[in-house]
Amino acid sequence: MHGSGALARWLMREGLIDTYQLLVFPVVLGRGQRLFADGVPPAGLRLTGTRTSGTGVTMLTYDSAGAPNFGTV
């Protein structure tokens, strides 16, 4: 889903997202709207794929994995 952070947060709260595809750009902006904002319950994710572009953009694919499992790295 592109373009609607409000819709994404609503879908997360309702537990309606099966797969997350996140793009991480090598830029630090310092502010902006948070996708994982207050009111979105914690969720466990399982990494299912990674790719990196020639410009350093990292593309991560996660599947929902139920309740989060907190621990150490």
Side-chain angles (χ1 to χ4, degrees):
M1 164 189 333
H2 297 278
S4 177
L7 177 58
R9 285 186 291 281
W10 182 83
L11 291 170
M12 284 183 238
R13 275 194 302 275
E14 299 300 317
L16 297 173
I17 299 178
D18 296 324
T19 300
Y20 293 84
Q21 294 181 339
L22 305 177
L23 280 69
V24 180
F25 291 82
V27 176
V28 177
L29 299 176
R31 13 182 189 183
Q33 188 174 13
R34 294 180 57 193
L35 179 58
F36 303 107
D38 294 337
V40 175
L45 301 175
R46 182 178 60 255
L47 183 66
T48 58
T50 63
R51 291 186 299 150
T52 303
S53 74
T55 60
V57 177
T58 304
M59 294 153 268
L60 306 165
T61 303
Y62 290 94
D63 285 344
S64 294
N69 185 10
F70 299 100
T72 59
V73 178

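Excluded from the calculations below are hydrogen atoms, water molecules and symmetry mates; all remaining heavy atoms, backbone and side chain alike, are included.
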task = Can you sort out the partners of Arg46 under salt bridge (Lys or Arg N to Asp or Glu O under 4.0 Å), two or more places apart, ordered by chain and number?
result = Asp63
key: Contacts of Thr52 that satisfy side-chain contact (heavy atoms from CB on, under 4.5 Å) - sequence neighbours left out   = Thr58
inquiry  = Suppose we screen for side-chain contact (heavy atoms from CB on, under 4.5 Å). Which residues come up paired with Thr61, at least two apart in sequence or across chains?
reply    = Thr19, Gln21, Thr48
message = Would you say Phe70 ends up clustered with Leu47 if hydrophobic residues are merged whenever their side chains have heavy atoms under 4.5 Å apart, either directly or through other cluster members?
response = no
inquiry  = Using only atom types and a distance under 3.5 Å, with no angle test, would you say the side chain of Ser64 pairs donor to acceptor with the backbone of Ile17?
reply    = yes
request  = Show your working on side chain to side chain contact (heavy atoms under 4.5 Å, CB included) between Leu60 and Tyr20 and close with a plain yes or no.
outcome  = CA-CA 8 Å; Leu60 306 165; Tyr20 293 84; over 6 Å; no
message = Test of understanding: with side-chain hydrogen bond (donor to acceptor under 3.5 Å, both in side chains), list the residues that count as partners of Thr55, not counting sequence neighbours.
response = Ser53
